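Quantities reported herein were computed from a predicted structural model and do not represent experimental measurements. Naming: A, B, ... by sequence-line order, numbering from 1 per chain.
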Amino acid sequence: MEPSVPPEDRGGGERREGRPPEWEQERLAEIDRLRSENVEPYARSFFGRTPLGKIAEDYAYLETDQKAEGSHCRIAGRVMSRREHGKACFLTLRDGWDDLQVYGNIDTLGETGFSRFKSSNVGDIIGCEGHVFRTRRGELTVFAESSIILTKSLRPLPEKWHGLQDRETRYRQRYVDLIANPEVARQLCGRGRLVAGMRRYLENQGFVEVETPVLQPLPGGALARPFITHHNALDTDLYLRIAPELYLKRLLVGGFDRVFEIGKNFRNEGISLVHNPEFTMMELYWAYVDYNAIMELVESMVPVLAEEVTGSTRIEAAGEEIELEAPWPRRTIDSLLEEHLGLSLAGMRAEPQTAKTLLRGRGIDVENRDTFAMLVDKALKHAVWPSIVQPMFVIDYPLELSPLAKSSPNDPLIVERFQAVIAGKEICNAFSELNDPVDQRRRFEDQARNRAAGDEEAHVLDEDFLRALEYGMPPAGGLGVGVDRLAMLLLGVDSIRDVILFPQLRPEQ
RNA sequence: GCGCCCGUAGCUUAGUUGGUAGAGCAGGGGACUCUUAAUCCCAAGGUCGAAGGUUCGAAUCCUUCCGGGCGCACCA
């Protein structure tokens, strides 16, 4: 029998030439055969089904070899495996991430019905109607009294025992990964609970959720390289946002006093275990408080989120048990550098060469052209972070690293900024927001000089943002949380690709 | 961007010092009315990531390219 669609007419996919592979031809022929018998292999609907998980729950009490009276039900799912026994056949169905066995035999289904039931392929989606019983071997099973094909699958599923191992295929064809490795779905549902929990928590605290532009005429709010795109009708280049920060602060000017946004940021940087070009960020701004209030918010919120995701405020990371309950200790950068390296910020600023020699002596790779800010960053990352396992607020950053943060009243070269570090990883970044338009302009101008000197990640000067500040922005604390990285920490995974459904890869072919 | 490793059937894989590819699952045919990695029998399925090179002979050695992984660098 001819396939219902000639190979050359099929678009898309990775095969455009030649005949479809043998297994696909066989299934296309099967589809033609079903249609010739007035059976539609792609059904329109299947109403009134009971989820498989519900059946497992409701009939858990059934004894071996016992039939449940009044258990008539409709179920549907993907055929995951098949065990044929001549005039009887067992299928394992899966809906979502629950499995349930179905039994069919020729006496009940009839000659044609049984033949169609047992010729289901692994991968097909079928619906059945019948009653519930438990087999002699103790497996909860639906005894099919009728059965219908709902969706015919043209492709073979990965092997049932080893599943899909190949990481490339898993990321590129996540739909197959989800079928073959259901624990992936459970993990990604954990991420979903994290985001939902965060939203609920912030709303309960009186924060209002907003959405600000992803397409921005000037990319701002972070030190990073942006993606550039083009708007045809306006004939102008636009940037995918690297942060929502400057727009959220404009809202503070406009009168919002507690706002947050959860959304995608885009940074044109390398891809790694902890970097995806698009990633999810939660940013919030809270008027009339400073970074101290933000620290309290973070140490209160994170344990709640952990509970939401894992059921506990204790997590396992870096080979240790970590307790997330507040309060978290607060340490200044200066004291941490002193403790771990015997260096002070003032000393590093005054004598960078001495600091570089010392860092090299610790095996940290520093370049002669590294700026003061880069030195501090490297020192923290390599010599300090790894020793911080339990949650800690690391506070009071050098001004050069933070063009949007407010200076400390005690030291104009220090800004009121903190990061929370857990298991050696930064999970958020926050500061008392700079609201002095004159100071902000000066900082932008410093950044512009860095930019002119070749630093592509330096901040650009945003006149409209300055204009907003000139109207007056209330004092405020702001917070940014990398949602993907927080999810990694709470779910105990090492790769950002395990918390992103469709991580960025080089395009196929 | 640099370094190391990997790529064999739809999936999971074997393949010795270079002698021209072997299996399990899935798929096809057959047997089997409570199995569950069901079992048993039969047949089919491969441009060994691609292109060059060395060789009488390459999945195997060399070069380049493509794709991926890991580490480093960059990066909040």
Which nucleotide in the list [options] gets nearest to the side chain of [X]?
| X | options | answer |
| --- | --- | --- |
| R172(A) | rU35(B), rA26(B), rG67(B) | rG67(B) |
| H85(A) | rC34(B), rC11(B), rG27(B) | rC34(B) |
| E168(A) | rA37(B), rG68(B), rG28(B) | rG68(B) |
| L273(A) | rU35(B), rA26(B), rG71(B) | rG71(B) |
| V122(A) | rC34(B), rU33(B), rA26(B) | rA26(B) |

Just N and O in the side chain of [X]: are any of them under 4.0 Å from OP1 or OP2 of [N]?
| X | N | answer |
| --- | --- | --- |
| R155(A) | rG27(B) | no |
| R137(A) | rU35(B) | yes |
| K160(A) | rC11(B) | no |
| N121(A) | rG28(B) | yes |
| R83(A) | rU36(B) | no |

The residue, R506(A) or K378(A), whose nearest nucleotide of RNA chain B is more 5′ is R506(A)

Sort out the partner of [N] for me: Watson-Crick or G-U wobble, both distances under 3.5 Å, none otherwise.
| N | value |
| --- | --- |
| rG1(B) | rC72(B) |
| rG18(B) | none |
| rG7(B) | rC66(B) |
| rC61(B) | rG53(B) |
| rA31(B) | rU39(B) |
| rU12(B) | rA23(B) |

Whole-Å distance between [N] [atom2] and [X] [atom1]?
| X | N | atom1 | atom2 | answer |
| --- | --- | --- | --- | --- |
| E24(A) | rA26(B) | CD | C1' | 15 Å |
| F90(A) | rU35(B) | CZ | C1' | 4 Å |
| M80(A) | rU35(B) | CE | P | 22 Å |
| E26(A) | rA43(B) | CD | P | 17 Å |
| E111(A) | rU33(B) | CD | P | 13 Å |
| R136(A) | rU35(B) | CZ | P | 7 Å |
| F133(A) | rC34(B) | CZ | C1' | 7 Å |
| K87(A) | rU33(B) | NZ | P | 5 Å |

Taking the same atom, [atom1], in [N] and in [M], what whole-Å distance lies between them?
| N | M | atom1 | result |
| --- | --- | --- | --- |
| rU17(B) | rC6(B) | P | 15 Å |
| rC62(B) | rG19(B) | P | 15 Å |
| rA21(B) | rC25(B) | P | 23 Å |
| rA26(B) | rA38(B) | C1' | 15 Å |
| rG24(B) | rA44(B) | C1' | 16 Å |
| rC48(B) | rU60(B) | C1' | 10 Å |
| rG28(B) | rC34(B) | P | 22 Å |
| rA50(B) | rU35(B) | C1' | 46 Å |

Has the side chain of [X] got a donor or acceptor that lies under 3.5 Å from a partner of the other kind on the base of [N]?
| X | N | value |
| --- | --- | --- |
| Q165(A) | rU12(B) | no |
| D166(A) | rU12(B) | no |
| E84(A) | rU35(B) | no |
| S81(A) | rU36(B) | no |

Is the ring centre of Y291(A) less than 6.0 Å from the ring centre of F431(A)?
no

Remember a base hit wins even if backbone is also touched, and classify [X] as base, sugar-phosphate or nothing at under 4.0 Å, heavy atoms.
| X | answer |
| --- | --- |
| Y397(A) | base |
| R134(A) | nothing |
| R267(A) | sugar-phosphate |
| E139(A) | base |
| E159(A) | base |
| G163(A) | sugar-phosphate |
| R27(A) | sugar-phosphate |
| A224(A) | sugar-phosphate |

With no hydrogens and no angle check, is any side-chain donor or acceptor of S408(A) less than 3.5 Å from a backbone partner on E416(A)? no

* To do: Say whether T92(A) and S81(A), considering side chains only, have a donor N or O and an acceptor N or O under 3.5 Å apart.
  => yes

Do D377(A) and Y397(A) have side-chain N/O donor and acceptor atoms under 3.5 Å apart? no

Under-4.0 Å salt bridge between [X] and [Y]:
| X | Y | answer |
| --- | --- | --- |
| K87(A) | D107(A) | no |
| D446(A) | R443(A) | no |
| R35(A) | D32(A) | no |

Taken in chain and number order and not counting sequence neighbours, the residues that satisfy side-chain contact (heavy atoms from CB on, under 4.5 Å) with R94(A) are M80(A), D99(A), P182(A)

Tested for side-chain contact (heavy atoms from CB on, under 4.5 Å) against V302(A), the lone hit among L489(A), L324(A), V481(A) is L324(A)

| task | Could you say whether the aromatic ring of W23(A) and the base of rG27(B) stack, counting only centre distances under 5.5 Å and plane angles under 30°? | result | no

